[in-house]
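Taking it in order: structure first as C-alpha cells, then the write-up.
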Amino acid sequence: MTTADGHARNDGVRDGGVRLRRATAEDAGPLTRLFLASRAAAMPYLPKVHSDEDTLAWMTHVVLPGTTVWIAETGAGNGTGRGEPLGFVSVDGAELEHLYLRPDARRRGIGSLLLDRARRSSAGELTLYVFRRNTDARAFYERHGFTAIAFDDGSRNEEREPDVRYRWTANG
C-alpha cells in the first residue's frame, strides 16, 4: 500500500530509494548530526543553547530510549544494511516531539513519509510545537491537516522563541 505521494506505507519497505526503519542506539551520532544540520539550515536565528556533545548525550539518553523514533534513509545500504539517514521523526504517545530532515532532503516527500508513519503510530491524534518563525514547517503541518490551537511567547522553551501548538486528529 502507498501514501498519496507514492511512498511505501509498510515499514522497512523501499520505495523511490527511501526506506523507513526504527532507530537504534547506534543511530545516536548520525541523528545528532542530522538534527544539528537541519536546525542550522532551517532556523539560523535560533540561539545554540547546548554544545554538540550535550546534544549527542540528549539524543543518546533521552530521545532514543524515551520516544519512538523512525528514520528515513537512502535505500542503498553501505554494507551494514543501513543507508544514509535523510530524516527522522520522534513520537511520544500523542506528541510529535521531532521531525527533522537533512537540509538536502527537503521537498522530496520524505517529511510527508515520516509524518504518515507518525500518524499511523498514533491513536488518531497528534500534537506538536513549532517555532512561530519557522514558516516552512508551519506551512508543512497546515498542508497536512494540523490546526494551530495555541500561541506561546517562548517562555516554555529553552530557546525563548515564540512558538505555536498544533493539533491533528484523524477525524478532522
Could you list the residues that satisfy ring pair (Phe, Tyr, Trp, His ring centres under 6.0 Å) with Tyr166, not counting sequence neighbours?
-> none

Which pairs with one or both residues in residues 29-39 pass salt bridge (Lys or Arg N to Asp or Glu O under 4.0 Å), sequence neighbours excluded?
-> Arg39-Glu159

Any chance you could measure Leu86, atom CG, to Arg108, atom CZ, to the nearest 0.5 Å?
-> 5.5 Å

How many angstroms lie between CG in Leu126 and OH in Tyr141, if you round to the nearest 0.5 Å?
-> 9.5 Å

Pairs meeting criterion salt bridge (Lys or Arg N to Asp or Glu O under 4.0 Å) with involvement of residues 89-99, two or more places apart | Glu95-Arg165

Criterion side-chain contact (heavy atoms from CB on, under 4.5 Å) on Leu64 and Met59, from CA distance to verdict = CA-CA 6 Å; Leu64 287 171; Met59 184 69 69; 4.3 Å; yes

Are Val63 and Leu46 in one and the same hydrophobic cluster, where Ile, Leu, Val, Met, Phe, Trp and Tyr link if side-chain heavy atoms are under 4.5 Å apart?
-> yes

Who passes side-chain hydrogen bond (donor to acceptor under 3.5 Å, both in side chains) against Arg106, sequence neighbours left out?
-> Asp136

What pair of heavy atoms forms the shortest contact from Glu158 to Val49, and how long is it?
-> O-CG1, 3.9 Å

Identify the two heavy atoms, one from Val130 and one from Ala137, that lie closest to each other, and give their separation to 0.1 Å.
-> CG1-CB, 3.9 Å

Tightest non-hydrogen contact, residues Thr67 and Val91, listed as CB-O, 3.4 Å

Would you mind reporting whether Glu73 and Arg19 have side-chain heavy atoms less than 4.5 Å apart?
-> yes

Taking side chain as C-beta onward, heavy atoms only, is Thr68 less than 4.5 Å from Arg22?
-> yes

For Pro103, what residues pass the side-chain contact (heavy atoms from CB on, under 4.5 Å) criterion, not counting sequence neighbours?
-> Ala37, Ala41

Heavy-atom pair with the smallest gap, counting every atom of Ile110 and Ala72 | CG2-CB, 3.6 Å

Taking it one step at a time, do Trp168 and Thr147 satisfy side-chain contact (heavy atoms from CB on, under 4.5 Å)?
-> CA-CA 6 Å; Trp168 166 83; Thr147 303; over 6 Å; no

Got a list of side-chain donor-acceptor pairs under 3.5 Å for residues 23-32, not counting sequence neighbours?
residue : atom : partner : partner atom : Å
Thr24   : OG1  : Glu26   : N            : 3.4
Thr24   : OG1  : Glu26   : OE1          : 3.0
Thr24   : OG1  : Asp27   : OD2          : 3.3
Thr24   : OG1  : Arg82   : NH1          : 3.3
Thr24   : OG1  : Arg82   : NH2          : 3.1
Glu26   : OE1  : Arg82   : NH2          : 3.4
Asp27   : OD1  : Arg21   : NH2          : 2.8
Asp27   : OD1  : Arg82   : NH1          : 3.0
Asp27   : OD2  : Arg21   : NH1          : 3.0
Asp27   : OD2  : Thr24   : N            : 2.7
Thr32   : OG1  : Ala28   : O            : 2.7

Indicate, with yes or no, if Leu36 and Leu56 share a hydrophobic cluster defined by side-chain heavy-atom contacts under 4.5 Å among Ile, Leu, Val, Met, Phe, Trp and Tyr.
-> no

Which residues pass the side-chain hydrogen bond (donor to acceptor under 3.5 Å, both in side chains) test with Asp52, sequence neighbours left out?
-> Lys48

Could you list all the ring pair (Phe, Tyr, Trp, His ring centres under 6.0 Å) pairs where at least one residue sits in residues 18-49, not counting sequence neighbours?
-> Phe35-Trp58, Phe35-Tyr100

Applying ring pair (Phe, Tyr, Trp, His ring centres under 6.0 Å), which residue pairs with at least one partner in residues 111-134 are found, sequence neighbours left out?
-> none

How far apart are the C-alpha atoms of Leu113 and Val18, what are their side-chain angles, what is the distance that settles it, and do they pass the side-chain contact (heavy atoms from CB on, under 4.5 Å) test?
-> CA-CA 9 Å; Leu113 181 67; Val18 177; 3.6 Å; yes

Hey, could you give me each pair passing salt bridge (Lys or Arg N to Asp or Glu O under 4.0 Å) that has a residue in residues 146-157? Not counting sequence neighbours.
-> Arg156-Asp163

Residue pair Ile71 / Pro85: nearest heavy atoms and the distance that separates them = CG2-CB, 4.1 Å

Might you point out which heavy atoms bring Glu125 and Ala94 nearest each other, and give the distance in Å?
-> O-CB, 3.6 Å

Could you go step by step and tell me if Val89 and Leu115 meet the side-chain contact (heavy atoms from CB on, under 4.5 Å) rule?
-> CA-CA 7 Å; Val89 65; Leu115 183 57; over 6 Å; no

Report the residues that fulfil side-chain hydrogen bond (donor to acceptor under 3.5 Å, both in side chains) with Arg133, sequence neighbours left out, ordered by chain and then residue number.
-> Glu161

Taking atom OG of Ser90 and atom CG of Leu96, what is their separation to the nearest 0.5 Å?
-> 7.5 Å

Excluding sequence neighbours, so at least two apart, what forms side-chain hydrogen bond (donor to acceptor under 3.5 Å, both in side chains) with Asp104?
-> Arg102

Examine Trp70 and Leu99 and state if one hydrophobic cluster contains both, with Ile, Leu, Val, Met, Phe, Trp and Tyr joined whenever side-chain heavy atoms are less than 4.5 Å apart.
-> yes

CG of Leu20 to CG of Leu114: how many Å apart, nearest 0.5 Å?
-> 5.5 Å

Side chain of Ser38, backbone of Leu34: donor and acceptor closer than 3.5 Å?
-> no

